[in-house]
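What you see is a predicted model, and the numbers here were worked out from it, not measured in a lab. Below, chain A is the first sequence line, B the second, and so on; all start at residue 1.
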Amino acid sequence: MIYGFKEVEEKWQKIWTEQKVFHAIHDPKRRKYYVLEMFPYPSGKIHMGHVRNYTIGDAYSRYKRMQGYNVLHPMGFDAFGQPAENAAIKNKTKPDIWTHKCIEWMKKELGRMGFSYDWEREVSTCDHNYYKWNQWIFLKMFEKGLAYKKGSNVNWCPSCETTLANEEVIDEGCWRCHTKVEQKDLEQWFLKITDYKEKLLDDLRQLKDWPQRVIAMQGNWIGKSQGVEIYFRLKESDKIIPVFTTRVDTIFGATYIVLAPEHPLVAEIIKGKPEEKEALKFIHKVSKESKAVRSSEDVKKEGVFTGCYCVNPVNSETIPVWIADYVLMEYGTGAIMAVPTHDQRDFLFAKEHNLPMKIVINQPGGPPGQAPDNMREAYEGDGVQINSGQFDGLPNQQAKLKIAEWMEKEGIGRIQTHWRLRDWLISRQRYWGTPIPVIYCSKCGVVPVPYADLPVKLPKEAPFTGEGGSPLSKVSEFVNTACPKCKSPARRETDTMATFFDSSWYFLRFSSPKFEAGPFSMEEAGYWMPVDQYIGGIEHAILHLLYSRFFTKFFKELGMVAFDEPFKKLLTQGMVLKDGEVMSKSRGNIVDPDSIIKNYGADTLRIYILFAAPPEVEMEWSERGIEGAYRFLNRVWRLLENKRSKKEPPEKLKKKMHQAIKEVTLDLESFKFNTAISEIMELVNEIYQDSDADITEAVKTTVLLISPFAPHFAEEMWQRLGNKDSIFKAGWPKYEERLLEESVVTMIIQVNGKLRCKIEVPAGIAEENLKEIVFSDEKLKPWIEGKPVKNLVIVPKKLVNIVI
RNA sequence: GCCGGGAUGGCGAAACUGGCAAACGCACGGGACUUAAAAUCCCGCGGCCGCAAGGCCUUGUGGGUUCAAUUCCCUCUCCCGGCACCA
């Protein structure tokens, strides 16, 4: 008998849909559980990555439902974005038509996998009922000064023809198309995420159930570094040059200072100096170098002397001011103090340009008072201060604090913190996104669109030529409008929002997807949120997860939510590989989930993908593995053929059954689907061993345990076992600890830590009796006979270790 | 360089708080059933020595703690990821 997956899967999918089995109802009396998987971009086809992500979430949410939780498990589409525009250009269609078609396709494919979504809560970010609230949120941020426009040097992807946020630049390339990113000076809209940097960093500590690496990545990205800003006064003009350092303990060793070539003071201080010409030449040369070239490590550090001197405020020494390409304007103050003896970069530069050096930290164990001339590299480690005035003799870590405090008191420095995180650039010069709800009036300036006028709808038509420039700017009916304040002719903003804006709060919308008085109902969000379990790819470790945390903190400030963090637990699932590589069109190694569903059924695919590896590690695709999963389901299916025996099931089967319930339950709690399934396999193997007895209970249990993983299969078997109602109403099986207790236990007998034999004894055996049995054991004789026992370790019910 | 993660049979992996290393599956070998094949069911399956009983070795490297280490501590190597001329 072979399991007819096709009919079975279609049958149950139809029943689930008709009976709205997965519809979540707001009910504060019940305990809720919110399981969410990152919603997909509707490309039209689901890939194995989606299958893995959504199977994990589905299995877990079905399990939680069976445990009696009121489960929210919604799905939607991150539907704005560039591929729709590209498709429009390529296929001569419109982005919204293309997108909606893709959504339909994808819904069908998701349906075929048997995922238990509440489709009544579906949201699509390109729907104006959704993006209206993007605009509303933007206006709120604008009111609070968190959304602002400024001209600056921004990342530009020449292929996508749009600006990018810092977070979207990966290895100097565009996150979407990998094209090398260029720098451009443009006026753009930013969100002041930096206002939340401290909370974003500190609250990472709350996220106990997030993967370590995601926490680490966000921490790195936010990049807090504590140090001191020191004021150097120019010798001839009294102008102050602030520099930032994290090594204030080395300040007495500063023998020159260096400005970035772009530093605003440079032009002023070199003016009229004999060095001016050389300096200008150098600055010009550096300005032509790309960021990538300039920051590559093997490039020699170059620089020129400015002709100026300044004063080291701690010891009044006069030191020269240089310009060099290894100092970056974007970080710190764009100027550094150079301590060649204790910073490797400064060391190399000083050697190259014959600049003076002074040791101020004594290397422990090293020759005391070593001359800088003998140094081969800078000493960056800890040690004791020397040549540092009143701080001599202090360990440098202590000196760091003392010097900083002293400098603050003297007014020559200030303790300061620098951050890597920059404000979030959200303007995109693209059509298929949320219009930024702002109007430019020649009289009134930048005017936000009044709330009552939302949504600012995207025009249905726009010219998609692929020739660059924002398509919206070419739609005159859209662009030309009246100023909301003075009614005179005005222009609309034609940039749209980055799509990461859309996805920064969709999890809140799911709580009340049709709410009309705001982005979400505070009452319903208050019940469902935060997301209890979030599941998605590691590629969003910074981007989406950081932005969502930022939005949540903003909503909290507005009093719209009561929590700090949107996602309580996070699981980042591993990628699905084929032949050791990521599946991709360009590699031509894609396995289409649909073909697997056709040949083996969705349940086989689900079981396979959960069984092959733990969810968070990458897994290698294996056709053999699929066959194994298929074989396993059929093996379970054949249990239906079993002739009903009246023979009492043996003790070991009952025990295995309860053990399986226990293990599967524990494994599910910690997302160890692979071992959960292996435990069910063991149970099935045991049932086969005892198939001459009455196995009804054991089979029932097997089907219940397998139901979160292979839901159609389980429903069908459940029905054939004589049950009328859906298995998902049956409740999660319970185990009895009592039945798991062994009356006879196998104990391991070790001699000097080495396994020598095993004995079976009653579980509650007294130590004295145990010793007696052990020491009279024939097999042990050769090992212990005639040797004095030095120690005897007894671990009850487990082992005895005889030390001789 | 800093931060985070990892390394276990031919392969994917398992081992709870330190207590039988390799569960479960894949691949492979053998047997049963069959005219035959497929499917299925049963058995074997880390390495070395041995007819066997059994013994010795084995969780990237070297060391330590412990009666006992895949697990804890230190050293090193390699792999993956993030940040980085970041001052």
Side-chain angles (χ1 to χ4, degrees), chain A residues 1-2 170 211-223 225 227-228 243-248 250 257-258 260 294-301 324-328 330-339 343-346 348-349 380 418-420 538 541-542 607-608 611-614 616-629 631-632 634-635 638 663 666-667 670 672 674-685 688-689 691 746-758 779 782 789-795 797-804:
Chain A
M1 188 157 76
I2 283 181
I170 314 282
Q212 273 303 306
R213 57 174 174 162
V214 177
I215 306 259
M217 281 162 84
Q218 292 217 357
N220 279 342
W221 188 261
I222 296 166
S225 89
V228 177
V243 308
F244 177 72
T245 181
T246 54
R247 289 296 304 273
V248 74
T250 65
I257 72 168
V258 191
R294 199 171 147 189
S295 60
S296 79
E297 255 175 81
D298 16 276
V299 170
K300 201 154 88 188
K301 299 173 184 4
D325 58 357
Y326 77 98
V327 175
L328 308 173
E330 309 88 88
Y331 190 79
T333 59
I336 60 153
M337 65 173 199
V339 186
D343 181 288
Q344 186 60 15
R345 292 156 303 174
D346 299 342
L348 293 174
F349 191 80
E380 294 179 337
H418 275 271
W419 302 79
R420 219 191 71 91
I538 186 72
I542 295 170
I607 289 270
Y608 164 67
F611 179 64
E616 64 277 4
V617 306
E618 37 186 49
M619 62 171 278
E620 174 68 30
W621 180 263
S622 149
E623 196 76 21
R624 300 273 194 200
I626 280 283
E627 277 166 24
R631 264 202 295 272
F632 168 59
N634 275 306
R635 187 169 156 87
R638 276 190 301 276
E663 296 298 324
L666 286 175
D667 284 347
S670 47
K672 285 148 85 180
N674 52 334
T675 49
I677 292 169
S678 79
E679 188 64 42
I680 302 172
M681 288 172 169
E682 282 184 50
L683 173 59
V684 172
N685 289 346
Y688 268 84
Q689 298 288 322
S691 53
T746 307
M747 290 193 72
I748 292 142
I749 314 302
Q750 297 179 329
V751 178
N752 284 346
K754 284 207 162 170
L755 175 76
R756 290 307 173 193
C757 75
K758 297 177 186 181
K779 274 191 254 167
V789 175
K790 269 203 262 174
N791 194 5
L792 190 69
V793 183
I794 298 174
V795 183
K797 294 183 192 175
K798 275 200 178 138
L799 92 169
V800 178
N801 190 8
I802 307 162
V803 187
I804 52 170

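For Arg345(A) and A87(B), the shortest distance from a side-chain N or O to OP1 or OP2 is not below 4.0 Å. Considering only side-chain N and O atoms, Lys754(A) lies nowhere under 4.0 angstrom from the phosphate OP1 or OP2 of A21(B). The shortest distance between the side-chain N/O atoms of Arg420(A) and the OP1/OP2 oxygens of C86(B) is not below 4.0 Å.
In this structure, Phe349(A) atom CZ and C85(B) atom P are separated by 17 Å, rounded to whole Å. Rounded to whole Å, atom P of C56(B) lies 10 Å from atom CG of Leu755(A). For Ile680(A) and G25(B), the CD1 to P distance is 12 Å, given to the nearest whole Å. Summarising the geometry, the separation between NZ on Lys797(A) and C1' on C20(B) is reported as 18 Å, rounded to the nearest angstrom. Rounded to whole Å, the distance from CG on Leu792(A) to C1' on G19(B) is 14 Å. If you take NZ of Lys798(A) and P of A15(B), they are 14 Å apart, rounded to a whole angstrom. Across the protein-nucleic acid pair, Arg247(A) atom CZ and C2(B) atom C1' stand 14 Å apart, rounded to whole Å. One atom, NZ of Lys790(A), and another, C1' of U66(B), lie 14 Å apart when rounded to the nearest Å.
Between C16(B) and G60(B), the distance separating the two P atoms is 16 Å to the nearest Å. One P atom belongs to C73(B), the other to C24(B), and the distance between them is 31 Å to the nearest Å. G62(B) and U75(B): their C1' atoms are spaced 7 Å apart (whole Å). Atom name P, nucleotides G12(B) and C67(B): the rounded distance is 37 Å, in whole Å. Annotation: G47(B) and U65(B) have their P atoms spaced 33 Å apart (nearest Å). Spacing between U8(B) and A15(B) at atom P, rounded to whole Å, works out to 15 Å. Taking atom P in both A32(B) and A38(B), the straight-line distance is 14 Å, to the nearest Å. Across the C1' atoms, G19(B) and G25(B) are found 27 Å apart, a figure rounded to whole Å.
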Between the protein and nucleotides 67-74 of chain B, are there any N/O to N/O pairs under 3.5 Å, and if so, what are the atom names and distances?
{"from": "C67(B)", "atom 1": "O2'", "to": "Asn801(A)", "atom 2": "ND2", "distance (Å)": "3.1"}
{"from": "C67(B)", "atom 1": "O2", "to": "Asn801(A)", "atom 2": "ND2", "distance (Å)": "2.6"}

Filtered N/O pairs between nucleotides 39-46 of chain B and protein, under 3.5 Å:
{"from": "U40(B)", "atom 1": "O3'", "to": "Arg638(A)", "atom 2": "NH2", "distance (Å)": "3.1"}
{"from": "C41(B)", "atom 1": "OP1", "to": "Arg635(A)", "atom 2": "NH1", "distance (Å)": "2.6"}
{"from": "C41(B)", "atom 1": "OP1", "to": "Arg638(A)", "atom 2": "NH2", "distance (Å)": "3.3"}

Between the protein and nucleotides 10-12 of chain B, list the N/O to N/O atom pairs that are separated by less than 3.5 angstrom.
{"from": "G12(B)", "atom 1": "O2'", "to": "Ala612(A)", "atom 2": "O", "distance (Å)": "2.4"}

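Between Glu380(A) and Gln344(A) the shortest heavy-atom distance is OE2-N, 2.8 Å. Of all the heavy atoms in Asp667(A) and Ala676(A), the pair that sits closest is OD2-N, 3.2 Å. Between Phe244(A) and Gly332(A), the shortest heavy-atom contact is CB-CA, 4.3 Å. Contact record, Asp346(A) with Val339(A): OD2-N, 2.9 Å, taken as the closest heavy-atom pair.
With no hydrogens or angles considered, a side-chain donor-acceptor pair links Arg635(A) and Asn685(A) at under 3.5 Å.
Along RNA chain B, the nucleotide nearest Glu627(A) and the nucleotide nearest Ile542(A) are compared for position; the residue whose nucleotide lies closer to the 5' end is Glu627(A). A residue-by-residue look at Thr675(A) and Ile336(A) shows that Thr675(A) has its nearest nucleotide of RNA chain B further toward the 5' end.
Looking at Ser670(A), its side chain never comes within 3.5 Å of a backbone N or O of Lys672(A) through a donor-acceptor pair. The main-chain N or O of Ser622(A) is found under 3.5 Å from a side-chain atom of Tyr608(A) such that the two form a donor-acceptor pair.
Listed by chain and residue number, nothing satisfies the side chain to side chain donor-acceptor pair (under 3.5 Å) test with Gln750(A) (two or more places apart in sequence, or in another chain). Residues passing the salt bridge (Lys or Arg N to Asp or Glu O under 4.0 Å) test with Arg345(A) are Asp343(A), sequence neighbours excluded.
Taking the syn range as angles within 90° of 0, the glycosidic angle of G9(B) is syn.
Residue Glu682(A) has its side chain nearest to C24(B) when only A87(B), C24(B), A13(B) are considered. Nearest nucleotide to the Lys758(A) side chain, out of G19(B), C20(B), C86(B): C20(B).
Across the strands present, C67(B) finds its partner in G19(B); the criterion is a Watson-Crick or G-U wobble pair with both atom distances under 3.5 angstrom. Shown here, G29(B) forms a base pair with C43(B); the pair counts as Watson-Crick or G-U wobble because both key distances fall under 3.5 Å. Under the Watson-Crick and G-U wobble criteria, each requiring two contacts below 3.5 Å, nucleotide C2(B) is paired to G82(B).
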_B/S/- contact track for nucleotides 3-9 of chain B, protein heavy atom under 4.0 Å_ = BSS----
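Note that CD1 of Ile336(A) is 12.5 Å distant from OH of Tyr331(A), once rounded to the nearest 0.5 Å.
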